[in-house]
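This report refers to the structure that appears directly beneath it.
Within every chain, numbering begins at 1; the chains are lettered A, B, ... in the order of the sequence lines, protein sequences first and strands thereafter. Small disclaimer: the values here were computed from a predicted structure and weren't measured. Basis for what follows: all heavy atoms, side chains included, without hydrogens, waters or symmetry-related copies.
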Amino acid sequence: MHAMSETPFLIQSLNDRQREAVSAPKSNLLILAGAGSGKTRVLVHRIAWLIEKLGVHPHQILAVTFTNKAAREMQARIEELHGSKMPAMWVGTFHGLAHRLLRQHTAEANLSDGFQIIDSDDQLRILKRLQKNLDLDEHRWPAKQTQWFINKQKEEGKRAKDITPSDYYEETMLRIYNAYEALCQRSSLVDFSELLLRSLELLTHNKDIAAHYNNRFQQILVDEFQDTNSIQYEWLKALSSPDSNLMVVGDDDQSIYSWRGAKIKNIQNFNRDFSDCKTIKLEQNYRSTENIVSAANAVISFNKKRLGKKLWTSGDQGDMITVYCAFREQDEAHYTVSKIQDWVEKGHRYGDVAILYRSNAQSRVLEEYLLDANIPYRIYGGQKFFERAEIKDALGYLRIMSNRQDDAAFERVVNTPSRGIGETSLNKIREHAKTMQTSLWNASLDMINKSLLTNRAHNSLKTFMALVDDLDQDTQNLPLAELTEQMLAASDLIHFYQRDKSQNGIARIENLEELITATKQFKLEDPPEQMTSTPLAAFLVHVALETGEGQAEAYADYVNLMTMHAAKGLEFPLVFITGMEEDLFPHKMSSNKPEGLEEERRLCYVAMTRAMKKLYLTYAESRSLHGTEEFHRPSRFIQEIPKELLEHVRPKTNVNQPSEAYHRPASQTLRGQKAAGTGLRVGQRVKHAKFGAGIILNYEGTDAQTRVEVQFENYGTKWLVANYAKLEPA
DNA sequence: TCTATGGTGATTTTT
DNA sequence: TCACCATAGA
């Protein structure tokens with residue numbers, strides 16, 4: 001193997017700490033990897049080292065990530081480094097690997113071979129229906145909240161039977177939880193948290209199976225460890241043994257998902273839970289300029305609960321960090337756009353640029369200005385392909401063709417497009433299914449046999465069921481793409497959406513066509529998918545675990561818009577962090593509790609460390625939020641950055657001599673704007689006791705210190721403190 | 001079954 | 001403000 005001879009060279013290309021991590025003897029390892037410190041590199045090299053130097057067989061390695069993207073990247077880089085495919089190694093996401101375990105042992109996991117995975121949207125629909133069935137008022141018991149409760153319990157490893165209700169609320173939640181568990185079991189449906197819980201139970205209830213994997217997985221590696229939740233931690237414990245080693249890589253300073261159940265404690269207690277553990281810190285940053293690194297360090301140092309780590313770089317000092325104080329969000333957007341134009345005029349790409357914000361709603365104004373300036377952009381984290389309504393409809397048909405007991409799919413498609421099975425008949429079917437303790441499909445069959453429905457519903461239902469049965473029959477031996485095309489035609493879905501001539505309808509048809517393309521491209525590559533009974537079932541598994549992100553054109557040159565959360569793991573030469581305002585960032589929902597505030601600060605650290613060359617922080621003095629004009633102070637995070645790293649910019653607005661850059665937004669956005677706390681507006685005519693008549697050009701500040709700039713007819717322009725100047729409207 | 005209207009509430013999101 | 005929802009009415 002040529003890889004053997006390459007290894008020394010590759011090792012040399014690492015820094016001391018990285019090399020220490022990669023070449024450590026077999027042991028438990030905690031790698032604290034700062035932003036941009038090359039953690040994926042270390043993970044990948046460690047795997048190569050294990051195989052080539054420490055005699056570990058790929059078969060004995062388990063590598064876990066959070067996202068499919070990260071898993072794919074890791075797999076590709078290992079294979080590239082090693083020089084060949086490594087099918088024996090398990091690389092995947094927590095959910096993907098849990099699924100694989102379950103497929104491998106369906107019987108022991110008490111699942112049928114054809115079990116399918118549902119996403120959170122399906123889960124919510126099931127719960128809504130269930131609650132209606134239980135006669136629970138949807139206002140008093142919002143299904144969203146129930147969903148949250150159930151997932152929370154599962155993530156703590158708790159089944160309905162494990163919980164003793166302490167009040168009426170929990171009692172009710174448990175009733176639903178029980179009904180939900182029963183329904184999923186009956187329909188062979190598994191939700192995301194169930195994948196983990198069920199596979200954990202598989203291991204804890206079957207000592208021999210656990211022993212098999214304990215013995216097999218000698219080396220377990222985990223990426224983004226700071227994001228693991230309780231059940232994922234337990235899951236890792238269950239797969240490891242005293243004879244195996246865990247290498248976890250993470251950064252407590254980048255833990256931004258506690259609200260999703262991630263436990264920082266996992267990384268903080270790792271040393272204690274896993275004996276004989278060595279900790280290595282990767283602190284050299286290869287991404288950003290020194291100024292950016294210093295600024296990020298300064299901000300994060302305000303957090304109290306840290307494992308302690310300080311990034312450094314041997315790179316250039318770089319530019320100062322520019323702080324732009326805008327009057328309004330339009331002004332902020334305009335400034336951002338103009339700086340992007342400057343960047344591109346210097347010969348750089350749009351694709352180098354990221355605009356980050358705390359909440360999705362902030363993207364709108366930015367989009368308007370980008371559109372206006374003809375700058376191509378892309379928003380990350382919109383709706384995922386396989387989550388679109390029309391795609392889910394199509395998948396609903398495919399699912400029920402694959403498994404008639406799938407109640408979620410039945411509900412979705414029985415009357416889509418409408419074929420005369422209304423709410424009344426559906427309720428009867430649901431009722432019947434409930435009393436018979438069976439699926440909607442079986443209940444329908446029974447009702448047809450016993451003629452329990454009105455004629456119209458009877459016939460419609462019969463047609464629907466025949467449609468599904470026939471489709472299934474007729475397409476048994478067809479390739480997936482043809483099967484899908486037949487289904488779209490026979491179900492009338494295509495025609496249903498073709499009738500919609502709007503922009504929206506056209507897009508939906510395009511998406512359905514895209515679905516056919518997806519079926520054409522789908523190959524049975526992953527072993528767990530091979531373990532399903534049919535190619536169709538395999539495809540359904542694939543789409544359930546793979547939401548269809550990131551198929552962006554490889555060399556498309558777009559400005560990237562995304563939330564700070566979505567930016568984690570990415571890097572861009574030029575980064576704008578917008579909306580640096582108190583109550584927006586840190587967000588007011590988080591800033592009351594110290595833990596919340598610390599997480600916001602970590603988010604700021606994450607956002608800042610995305611920037612490689614140049615970082616802009618922008619904020620607006622006033623911003624319309626939920627319909628009202630709000631005034632926010634600049635974010636405290638700006639003040640946490642040492643002054644000497646910052647360069648402040650503020651639009652100058654002088655009506656006589658408008659400065660080129662701010663001409664347009666200034667005149668447009670300032671006019672009519674209220675100078676806070678003064679009762680005065682920009683553009684308003686006023687009279688001063690000494691200076692006489694004038695017009696207000698600008699203002700500054702938001703409290704008792706607010707100053708206004710007035711152009712007097714006979715005395716030129718002056719800045720006056722509004723509270724003292726006694727300006728009268730004229 | 002489709003459309004219009006009003007009430008409501010409004011971080012962050014992967015699988 | 002705006003988008004999403006549920007409900008009512010044609």
> Does A:R602 come within less than 4.0 Å of A:D253, counting only side-chain N to carboxylate O?
Replying inline: no

> Do NZ/NE/NH1/NH2 and the carboxylate oxygens of A:E156 and A:K263 come within less than 4.0 Å?
Replying inline: yes

Mind checking if [X] touches a base, just sugar-phosphate, or nothing, with heavy atoms under 4.0 Å?
X      : answer
A:E600 : base
A:D191 : nothing
A:G92  : nothing
A:N151 : nothing

Can you tell me if [X] touches the phosphate of [N], counting only side-chain N or O atoms and a distance under 4.0 Å to OP1 or OP2?
X      : N      : value
A:S359 : B:dA10 : no
A:K384 : B:dT14 : yes
A:T547 : B:dT15 : yes

Separation of [X] atom [atom1] from [N] atom [atom2], in whole Å?
X      : N      : atom1 : atom2 : answer
A:Y357 : B:dT12 : OH    : P     : 10 Å
A:F496 : B:dT1  : CZ    : P     : 11 Å
A:K588 : B:dA10 : NZ    : P     : 11 Å
A:Q226 : B:dT13 : CD    : C1'   : 15 Å
A:R358 : B:dA10 : CZ    : P     : 15 Å

> Does B:dT15 have A:F66 stacked on its base, where the ring centres are within less than 5.5 Å and the planes differ by under 30°?
Replying inline: no

> Say you pick atom C1' in C:dA3 and the same atom in B:dT14; how far apart are they, in whole Å?
Replying inline: 24 Å

>> Checking side-chain polar atoms at under 3.5 Å, does A:E630 have a donor or acceptor matched by the opposite partner on A:H632?
In response: yes

> Any side-chain donor paired with an acceptor under 3.5 Å for A:Q123 and A:Y180?
Replying inline: yes

>> Let me confirm one number: the CG-CG distance from A:D191 to A:L124, rounded to the nearest 0.5 Å.
In response: 12.0 Å

>> More than 12 heavy atoms of other residues, nucleotides or ligands under 6.0 Å from NZ of A:K237: yes or no?
In response: yes

>> Before we go on, tell me: are the rings of A:Y558 and A:Y377 under 6.0 Å apart, centre to centre?
In response: no

> What nucleotide, of B:dT15, B:dT12, B:dT1, holds the atom closest to the side chain of A:L545?
Replying inline: B:dT15

> What is the per-nucleotide protein-contact pattern of nucleotides 1-10 of chain C, from the 5' end, where B denotes a base atom under 4.0 Å from a protein heavy atom, S denotes such proximity for sugar-phosphate atoms only, and - denotes neither?
Replying inline: BS----S---

